[in-house]
Amino acid sequence: MDMQPNLQFIIHNPYSKPIIKNVEMSSSNEFIFSGVELSEYSRVEVKLQTPLSLDAVLRIESCETEELLELKSNSGKITIMHGNSQQMLVPGEYPFEVIVGKEKYQGYYVIKSNHFSDQPLINLRKYLEKLLRGLSSELIKHHLGVSQPSTGTNYTLMNLLQFIDKHKNQIQNSIQLISRDPITDLISQHSLRNYSRKPDSKSFRWQARKSALNNTHSFEKPLHYEKHTLLTTYNIENQWISYIISYFIRCLFQLEKSFRENVQSIENQIIEKRKSIEDTEISLGKIKQNSIGYREQGKRLNQIVYRLNKRIEELEKEKEEHNKYVQLVKRISNLFNEIKKMEWLNGVPTRKPKMSTNRLLKDYRYRNLYNLYRDLSQLEISKPHFNQEAMRHRKTWQLFEYYNLGLLIDILRDNNYEWISGWLADKENPFEHIGTLPGGTVLIFKKPDSDHYIEVAYDQELESTLFDKSYSRYFNYEGRRPDIRMTIYRQDGSLYGKNSGLVIESKCRHHRYLINNDIDPDVKIQLGAFKNLNYYNSKERGVETPIKQVIVLYPKQKGIAAEEHDSVYGEGIIYLQIEPVDPESEETPFGYESFKKWIEEFLSPVLESEEIVK
């Protein structure tokens with residue numbers, strides 16, 4: 001009888017029966033290819049079967065959590081991929097293991113991209129990992145003006161939380177073991193006692209000078225001031241424990257503060273959206289049913305209310321997630337505050353000792369806690385956090401958007417712009433290193449002593465109507481949101497010129513669904529709307545269309561021109577192919593030079609003015 005467990009992948013495709021694939025595994029401590037290849041948009045279940053006399057456990061990744069799922073044999077099926085959903089596994093190789101008693105079977109399966117070949121997709125992931133690790137560290141150092149970030153800087157707070165949460169049980173167990181028998185020292189000190197054993201010269205001096213003041217009642221036993229030996233926890237080893245616990249508490253306090261600030265920011269956004277709904281409904285009530293075009297006006301205003309309500313739902317969910325983190329931080333903080341109150345730590349200083357001792361390092365209880373602290377502090381000093389696992393849960397098109405934004409950042413930095421704020425450059429944002437880029441993120445770039453600055457907005461929601469005309473901004477009656485919107489502003493906040501805006505769209509599509517002379521693809525309507533995006537100028541009380549150009553970036557495809565102009569808009573809409581390369585190589589990404597050329601063409605008015613000044 002074959003004793004090896006049977007692992008099956010059940011692949012569900014639309015309009016067809018599920019495909020069942022039996023998996024190949026190795027028991028030689030080597031991850032072999034299982035023979036299973038999946039599309040990134042597949043819905044997939046797994047099932048583990050063994051002979052009834054055997055118990056086996058499958059450990060495998062899923063789209064639902066960053067933790068490994070565990071499935072016991074003969075216990076049914078679990079879903080590891082939900083298809084085209086909010087959470088997906090990014091294409092790549094994913095290992096799994098099946099444990100049967102002392103035996104371990106291993107293998108990996110492959111998720112294929114619908115838009116990229118294998119190597120460019122790997123290069124795409126590598127680039128983003130490098131971007132988040134390298135730029136974040138560099139920007140934080142730049143903000144702080146130091147060669148290494150100082151202790152407690154906010155940019156690693158999420159990493160600190162993950163580390164402390166992961167090891168909190170280990171920390172608690174070490175503290176409990178120490179509390180039962182902490183390291184103590186024998187010390188001798190003079191104190192008052194009602195008996196005498198071994199008086200010394202100091203005892204006789206006290207007897208002569210202060211005895212009469214303390215021995216006032218004849219019916220009480222006389223007091224003696226003599227040296228006695230006692231145990232104390234006041235030593236370097238326990239001072240380290242006191243300092244480490246205080247260090248954890250300080251980190252958690254900063255994190256809770258950052259989360260509460262984010263919750264308040266979200267609440268303010270919700271209030272603004274609800275006010276916009278009220279204003280829109282007032283406008284809706286003022287429409288006369290017999291007026292010309294009232295149906296179209298009413299339809300448009302109802303769509304605005306619908307979009308605002310959907311956005312409020314998204315914000316409420318985001319607020320709920322942030323509040324969950326607040327509660328998690330509070331629970332962990334309470335744990336450490338209770339430890340801080342333990343009797344054996346009373347009076348032990350919380351300042352950091354100058355060095356560790358051999359006695360600390362030889363005691364495994366103290367050493368465990370000290371090593372955790374050292375790992376955490378080293379993590380904080382030298383390793384800005386990038387959650388690679390979180391990046392795995394991004395769709396390919398989402399990674400492509402991040403990648404193109406990274407290329408744009410590189411181009412601006414090549415042109416001597418400094419990244420001042422937004423996303424990785426924000427010191428107060430605790431979510432900047434968890435492998436995501438929130439919609440609505442605004443990045444600001446400046447040059448020293450320049451007359452302008454550049455705003456780069458990622459997936460920013462635009463207002464649909466102009467209720468408040470006291471300030472300038474973009475708006476769009478149809479509620480469209482460009483992937484990336486780039487604008488040049490003067491220092492006073494006004495547009496730099498008539499063509500100060502640029503839209504960059506990322507499209508994971510085949511060429512024929514972007515550019516087709518026979519039909520107009522649906523994307524053409526969207527791109528045309530972006531080209532004619534409206535901007536309200538509050539100073540001149542007028543509406544402008546400052547978008548000079550729309551640049552469409554899409555994956556490289558064989559037999560297709562790397563750069564094409566639109567048949568109707570000409571250079572107003574440019575289609576560029578992009579393919580990532582290994583960021584560790586000296587090679588330039590395919591399409592980067594063309595992209596850079598058009599960005600610098602857009603920046604030419606300010607670049608030329610700077611040359612004239614020089």
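Every value quoted in this text rests on a predicted model; they were computed, and no experiment measured them.
Side-chain contact check for S73 and T50: at least one donor-acceptor pair (N or O, by modelled atom type) lies under 3.5 Å. Using modelled atom types, one finds no donor on one side chain facing an acceptor on the other under 3.5 Å when comparing S333 with E256. A donor atom on one side chain and an acceptor atom on the other are not found under 3.5 Å apart for W240 and S356. A side-chain donor from one of N238 and N235 sits under 3.5 Å from a side-chain acceptor of the other.
Within 6.0 Å of the CZ atom in F253, the count of heavy atoms belonging to other residues, nucleotides or ligands does not exceed 12. Crowding of K47 atom NZ: a count of heavy atoms from other residues, nucleotides or ligands under 6.0 Å not exceeding 12.
Using a 4.5 Å heavy-atom cutoff, the side chains of Y109 and Y94 are in contact. Looking only at side-chain heavy atoms (C-beta outward), E97 and K104 come within less than 4.5 Å of each other. Side-chain contact check for I183 versus R359: some heavy-atom pair is nearer than 4.5 Å. By the 4.5 Å heavy-atom criterion applied to side chains, V456 and V442 are not counted as neighbours.
Of the listed residues (Y373, F336, Y370), just one forms a ring pair (Phe, Tyr, Trp, His ring centres under 6.0 Å) with Y247, and that residue is Y373.
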Problem set entry | Check against side chain to side chain contact (heavy atoms under 4.5 Å, CB included), R331 and L335 | CA-CA 6 Å; R331 286 198 300 272; L335 167 66; over 6 Å; no
For this session: Begin with the C-alpha distance, continue with both residues' side-chain angles, and end with the deciding distance and a verdict on side chain to side chain contact (heavy atoms under 4.5 Å, CB included) for L38 and M81.
Result: CA-CA 10 Å; L38 308 170; M81 294 172 62; 3.7 Å; yes
For this session: Tell me, with the steps shown, if N268 and Q264 meet side chain to side chain donor-acceptor pair (under 3.5 Å).
Result: CA-CA 6 Å; N268 292 339; Q264 185 60 54; 3.2 Å; yes
Exercise. Between R485 and Q460, does a side chain to side chain donor-acceptor pair (under 3.5 Å) hold up when you go through it step by step?
Worked result: CA-CA 8 Å; R485 191 188 70 245; Q460 187 178 46; 2.8 Å; yes
For this session: Starting from the C-alpha separation in whole Å, work towards a yes-or-no answer on side chain to side chain donor-acceptor pair (under 3.5 Å) for K340 and S242.
Result: CA-CA 7 Å; K340 190 70 178 170; S242 181; 2.9 Å; yes
For this session: Kindly determine whether L48 and K72 satisfy side chain to side chain contact (heavy atoms under 4.5 Å, CB included), including the steps that lead there.
Result: CA-CA 7 Å; L48 179 63; K72 293 183 179 180; over 6 Å; no
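Looking at K317 and E320, no side-chain N of the basic residue comes within less than 4.0 Å of a carboxylate O on the acidic one, giving no salt bridge. A salt bridge links E316 with R274; the closest basic N to acidic carboxylate O contact falls under 4.0 Å.
Ring-centre distance between Y453 and Y417: not below the 6.0 Å cut-off.
For the pair R367 and L361, the tightest heavy-atom approach, listed with the atom from each and the gap, is NH1-O, 2.8 Å.
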